[in-house]
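Here's the structure, in structure tokens; my notes come after.
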Amino acid sequence: MQYKDTQVSVPPRASDPGWAHGIMVNGGRQKIKCKYCHKVMLGGGISRLKQHLAGERGNVAPCEEVPEEVKVQIQQHLGFKVLEKLKKQKGLSNSKDSAPYLHYREEGENEDGMRTQKTVCTRGKRRRREKEAMECISNQMKKHKKHSFPAATTIVAQPLHQSFASQEIIAQADLAVARFMYESGIPFTAANSHFYQQMADAIAAAGPGYKMPSYHALRGKLLNKSVQDAEEYEEELRKSWDVTGCSVMVDRWVDKTGNSVINFFVYCPKGTLFLKSADASDISECPDALLNLFDCVVQEVGHKRIVNFVTDASASCKAARKLLMEKYKTFFCSTCGGYGIELMLEEIGKMNEVKEVLAKAKKITQFIYNSAWMLNLVRRKTGGRDIVQLASTRFASTFLTLQNMVALKHRLEKIFASATWMHSTFSKQKAGLELAEIIADQLFWSLCDQILKVTKPLLSVFQLMDCEEKPSVGYVYDAMEKAKKSIIVSFDNKESDYVPYLEIIDHIWQEELHSPLHAAAYYLNPSIFYNPSFSTNKVIQKGLLDCIETLEPNLTAQVVITSNINFYEEAVGDFGRPVALRCRESLAPATWWSLYAADYPDLQRLAVRILSQTCSIIRYKRSRTMFERMCSKKKNRLEQQRFNHLAFVHYNLHLQHSRRSEASKAIYSRGTLDPMCLEAIDANMGDWVEDLGAIGSDGLSWMDVTVPGEWKFLNHRVENMDDCNDSTDDRGSDDGRGVDTNDDM
């Protein structure tokens with residue numbers, strides 16, 4: 001509801017937040033009208049209005065129209081006023097129990113504008129207000145609670161410190177958080193957690209005197225409650241597996257010492273579940289041992305529910321999954337799609353001309369990222385953009401970084417031709433001279449363009465496979481065909497130019513990636529099948545038949561399905577309804593089949609199961625702490641049980657909330673991530689920012705480095721480099737001052 005004030009609503013120099021919700025009547029501070037219920041408070045000033053909004057009974061009737069978030073904010077404000085008053089009381093630090101029995105005084109204002117002190121609350125009123133506040137918060141949580149894995153409820157509409165607290169209090173709170181993280185060794189990326197701000201808001205809502213959970217509570221009852229919530233989330237997902245089927249994803253993580261941990265996930269369109277972890281250090285190269293481990297997972301999920309079993313392309317995993325298929329013969333096993341594209345990019349990176357270009361590009365980033373002066377200069381001239389771009393795999397990161405570099409070519413050329421660079425000591429050093437020569441070399445840039453003609457289409461396929469927003473299996477075959485055509489066209493159909501690249505792509509596609517599921521899903525995807533450009537071939541037909549025979553064990557149903565395919569091909573019955581025609585493009589393929597294939601239930605069930613799968617292991621935040629604890633040789637049985645539950649909660653919290661976040665559609669982590677931090681090394685891009693010791697000192701330190709603007713930890717998405725904004729506020733603002741276009745610098 002909007003309110004249009006016809007009189008002055010806020011007195012001059014007023015700072016109390018209550019004035020945002022009231023209107024002075026006849027210009028007097030003691031006669032105030034509530035913006036929501038229009039009740040006029042006669043006397044008591046702004047204090048009486050806040051009691052009215054907060055629902056305090058006694059001096060004034062509670063407002064029945066105030067929005068819930070405003071009510072909670074005012075209640076919190078009154079609570080903070082209590083704390084400020086109590087801090088001034090003698091002996092506060094020596095007695096934990098004295099606070100609930102003390103009276104507090106709230107500031108009011110008289111008609112002359114002079115502040116007065118008035119007692120507004122007794123012990124009984126205090127208890128009443130606390131009870132009402134807790135009931136309010138409880139009601140909000142009940143409203144927001146869903147059937148899925150319960151999430152922490154955001155209590156207030158905006159961070160409390162932005163509404164009421166002074167800058168001094170904010171600074172003290174920030175420093176307290178920082179000290180906790182530094183002392184505990186918590187990674188900086190924890191600040192990007194979905195629950196980071198929610199934790200602060202929940203503590204503020206609890207009010208003064210809230211005690212943080214103890215060591216035993218965190219590893220005891222609170223962990224147990226979180227496990228129960230995660231199990232409820234699991235139950236909801238398991239119900240959908242019977243309808244849509246599911247994909248089991250096997251993520252193998254091997255460190256430099258040879259330790260290996262396998263994380264098992266189960267994907268369905270409703271969400272992804274972390275099932276469990278296993279220490280595979282002693283069995284990672286033994287197919288028979290891996291088969292036993294895989295078989296246990298299949299039995300836990302249910303072999304009739306599984307449609308696709310996804311692993312990496314290691315020899316042991318390929319051998320184990322082949323044995324698994326031979327044992328069950330009711331689902332398919334395939335190589336992770338994202339891993340397959342990474343293999344293509346890796347092989348392309350090994351080509352001599354590509355290797356030379358990447359070596360020169362790496363020298364550029366190594367120079368820039370090891371000098372505070374140079375890094376500041378580049379960020380200022382590129383609107384805060386970084387050149388190094390982190391992705392979920394090494395070679396995706398490599399070629400995205402090269403793509404960023406090409407997008408910034410003209411700005412880099414201006415920098416190294418400017419007077420600022422020429423007058424710097426770096427321009428006279430050997431490394432600086434070599435760098436300037438690379439930037440000025442047009443052959444280098446020409447070769448970069450040629451490489452990107454191949455890698456850009458592949459990165460688009462990588463994006464499709466790595467996206468959890470929709471099941472990818474129905475689009476992979478078509479995306480690969482379009483990528484290859486795009487490469488051919490970009491080289492003007494010159495075979496001598498594109499054939500070496502396509503040979504690599506075709507070999508890995510045939511040997512590692514292609515699955516009957518891809519072909520069948522391509523055929524059953526209405527947005528592709530009914531497109532005039534659609535064409536079928538022997539591979540697609542065989543893939544469809546393989547899926548019918550493998551996924552439908554009933555021989556009679558197999559015959560019915562093959563006979564009903566003709567109705568789909570000719571768009572007969574509900575397939576040809578006007579609404580079905582209009583929704584071919586807009587609806588997810590599996591949803592389209594569930595709506596318009598009811599007359600052909602056997603074909604419908606098969607199509608929904610095929611089109612509901614993923615062909616790539618989903619992205620998630622690997623935890624090195626979890627890895628190290630899983631590989632620990634000294635284990636206690638009870639502690640191992642606790643750790644298994646902790647891992648179950650940890651990964652499922654991340655999976656659920658990264659899926660819910662709008663940002664996660666293209667971004668791995670909410671918030672910023674500097675490519676020079678340790679997480680860049682974890683992404684295997686440490687050598688791109690490595691200090692080779694060839695650069696002289698510029699007299700600056702890490703504190704002098706400009707915060708990168710708009711930097712996101714991208715999994716696969718190529719950002720538009722023309723939109724350059726440099727963030728000036730490191731408290732989450734994305735607004736920037738833009739690009740410095742002064743050629744003289």
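Looking at heavy atoms from C-beta onward, Val307 lies in side-chain contact with Leu551 at the 4.5 angstrom threshold. Contact annotation: the side chain of Ile387 approaches that of Thr401 to within less than 4.5 Å [non-hydrogen atoms, C-beta and beyond]. In this structure the side chain of Lys318 reaches within 4.5 angstrom of the side chain of Glu512, judged on heavy atoms. A heavy-atom distance below 4.5 Å is found between the side chains of Asp386 and Tyr369.
The residue from Phe265, Phe264, Tyr233 that alone fulfils the ring-ring contact (aromatic ring centres under 6.0 Å, His included) condition with Phe274 is Phe265.
The side-chain contact (heavy atoms from CB on, under 4.5 Å) check on Tyr196 picks up Val177, Met181, Ala191, Ser193, with sequence neighbours excluded. Considering only residues two or more places apart in sequence or on other chains, Trp593 meets the ring pair (Phe, Tyr, Trp, His ring centres under 6.0 Å) condition with Tyr568, Phe575. The side-chain hydrogen bond (donor to acceptor under 3.5 Å, both in side chains) test applied to Thr335 returns Arg321, not counting sequence neighbours. Qualifying side-chain contact (heavy atoms from CB on, under 4.5 Å) partners for Ile203, counting only residues two or more places apart in sequence or in other chains: Met199, Tyr210, Met212.
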(message) Working note: Leu459 + Leu400, criterion side chain to side chain contact (heavy atoms under 4.5 Å, CB included); need CA distance, chi angles, decisive distance, verdict.
(response) CA-CA 8 Å; Leu459 288 170; Leu400 283 172; 3.7 Å; yes
(message) As a quick check of understanding, evaluate salt bridge (Lys or Arg N to Asp or Glu O under 4.0 Å) for Glu342 and Arg394, giving each step before the final call.
(response) CA-CA 8 Å; Glu342 175 73 359; Arg394 172 172 172 77; over 6 Å; no
(message) Working note: Ile262 + Leu293, criterion side chain to side chain contact (heavy atoms under 4.5 Å, CB included); need CA distance, chi angles, decisive distance, verdict.
(response) CA-CA 10 Å; Ile262 296 179; Leu293 180 59; 4.1 Å; yes
(request) Apply salt bridge (Lys or Arg N to Asp or Glu O under 4.0 Å) to Glu235 and Lys239, showing your working. (result) CA-CA 6 Å; Glu235 267 316 298; Lys239 292 175 184 177; 5.9 Å; no
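For the pair Asn636 (side chain) and Leu638 (backbone), a donor-acceptor distance under 3.5 Å is present.
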Going by atom type alone, with no hydrogens or angles, which donor-acceptor pairs under 3.5 Å involve a side-chain atom of residues 324-332 and a protein atom two or more places apart or on another chain?
from   : atom 1 : to     : atom 2 : distance (Å)
Lys327 : NZ     : Asp295 : OD2    : 2.4
Tyr328 : OH     : Asp295 : OD1    : 2.3

Distance-only criterion, 3.5 Å: show the donor-acceptor pairs between side-chain atoms of residues 217-224 and protein atoms not counting sequence neighbours.
from   : atom 1 : to     : atom 2 : distance (Å)
Arg219 : NE     : Tyr215 : OH     : 3.4
Arg219 : NH2    : Glu639 : OE1    : 3.3
Arg219 : NH2    : Glu639 : OE2    : 2.7

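Contact detail for Ala520 and Ile610: the closest heavy-atom pair is CB-CD1, 4.2 Å. Nearest heavy-atom pair, Pro516 versus Cys547, reported as atom, atom and distance to 0.1 Å: O-SG, 3.6 Å. The two atoms that bring Glu552 and Arg605 nearest to each other are OE1-NH1, 4.0 Å, heavy atoms only.
Using cut-offs of 30° and 60° for the angle between ring planes, the Tyr522 and Tyr477 rings count as tilted.
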